[in-house]
Amino acid sequence: MERIPVLRVGDILVVSIQVDLHDHLAESLQEDIGQAIQKYGAEGVLIDISGLDVVDSFIGATLGRMAQMAALLGARLVIAGMRPAVAITLVELGVDLPDIGTAMNVDRGLAMLREHVTATR
Amino acid sequence: MSLEVIELRTVHDVARLRDRMRRWTKELGFGNVRATKVITAASELGRNTVTHGAGGRVELEPAEGPNGRVGIRMRFIDEGPGIADLAAAMTDGFTTATGLGLGLSGSRRLLGGLEVKSRPGATVIEGTAWKK
């Protein structure tokens, strides 16, 4: 079955979504992230969505749920690299993701999460 | 591009619809932001057909407006239970266990209009994705 890899970089989990995130794939990714947070004691999760050309309300809600789940497990989740056209569309669609951290790109996202991990030590 | 009918039974069909809309918008020369908006709207309405309409189909066809305006007409048809309270269904935040309840209201905004006809056993949702 198709799966998106969850990589461990130090104390941070890194996920790069490069394929159309259909519903079942989104659900299995959420599970995999939850398990990886626990297994590695990860305090930060970075999701690179620069490869996604379309984020609809279901995918938006799934990202929001992943962030909530990570927070409940004691980790901070940041999405990085949203395309401007996707951001414009999400605003017009009315998707509001209050609990989710965002960064302009992977570099900045990693810097945010490293700061967070250091601050919690 | 000519009339194309896509069956909508599972979420995989919705992914296929997104793919076909990527193709249509590319063929018709949609700009990046317009293409993203209308593919997203198609995805919302396609999922609506699968999850609330118990499956159905979508018909895509070229549309022409005044002054040579170019677009893609999308007609979502299902034989599900129908939308009991249409006014409520068009409101932000209306239902769905997994989404944000933005399917109809959000896609209407993205397309700049949506025509919904619904009774038990026959729901037709039509919108046109204009290039400009």
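All chains are named by letter (A, B, ...) in the order of the sequence lines, taking the proteins before the strands, and each is independently numbered beginning at 1.
In the hydrophobic cluster analysis, where Ile, Leu, Val, Met, Phe, Trp and Tyr join through side-chain heavy atoms closer than 4.5 angstrom, A:Met66 is grouped apart from A:Ile12.
For a heavy-atom cut-off of 4.5 Å, chain B lies close to A:Asp20, A:Leu21, A:His22 in residues 15-22 of chain A. Residues of residues 45-56 of chain A lying under 4.5 angstrom from chain B, judged on non-hydrogen atoms, are A:Asp53, A:Val54, A:Val55, A:Asp56 by number. Below 4.5 Å, heavy atoms of chain A meet no heavy atom from residues 63-75 of chain B. Scanning residues 106-116 of chain B against chain A with a 4.5 Å non-hydrogen threshold yields B:Gly106, B:Ser107, B:Arg109, B:Leu110, sorted by number.
Around atom CD of A:Glu115, no more than 12 heavy atoms belonging to other residues, nucleotides or ligands sit under 6.0 Å away. Heavy-atom contacts from other residues, nucleotides or ligands closer than 6.0 Å to CE of A:Met104 number 12 or fewer. Counting heavy-atom neighbours within 6.0 Å of A:Gln38 CD, excluding the residue itself, gives a total of 12 or less.
Atom CZ of A:Arg76 sits about 11.0 Å away from atom OG1 of A:Thr120, to the nearest 0.5 Å. Separating the CZ atom in B:Arg23 from the CZ atom in B:Arg20 is a distance of 7.0 Å, to the nearest 0.5 Å. Note that the CG atom of B:Leu28 and the CZ atom of B:Arg34 stand 12.5 Å from one another [nearest 0.5 Å]. Considering CZ of A:Arg8 and OH of A:Tyr40, their distance stands at 6.5 Å, rounded to 0.5 Å. To the nearest 0.5 angstrom, A:Arg108 atom CZ is 14.5 Å from A:Leu113 atom CG. Annotation: the span from B:Arg47 atom CZ to B:Thr10 atom OG1 amounts to 11.0 Å, rounded to 0.5 Å.
Using a cutoff of 4.0 Å between basic side-chain nitrogens and carboxylate oxygens, B:Asp19 and B:Arg16 are not scored as salt-bridged.
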(request) Evaluate the criterion side chain to side chain contact (heavy atoms under 4.5 Å, CB included) for residue pair A:Glu43 and A:Asp11; output intermediate values, then yes/no. (result) CA-CA 6 Å; A:Glu43 290 176 54; A:Asp11 295 323; 5.6 Å; no
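Panel note: side chain B:Thr40, backbone B:Thr36; a donor-acceptor pair is recorded below 3.5 Å. Checking side-chain atoms of B:Ser118 against main-chain N and O of B:Ile83 turns up a donor-acceptor pair under 3.5 Å.
There is a side-chain donor-acceptor pair under 3.5 Å between A:Ser57 and B:Glu44.
When all heavy atoms of A:Ala26 and A:Thr62 are compared, the pair lying nearest together is CB-CG2, 3.6 Å.
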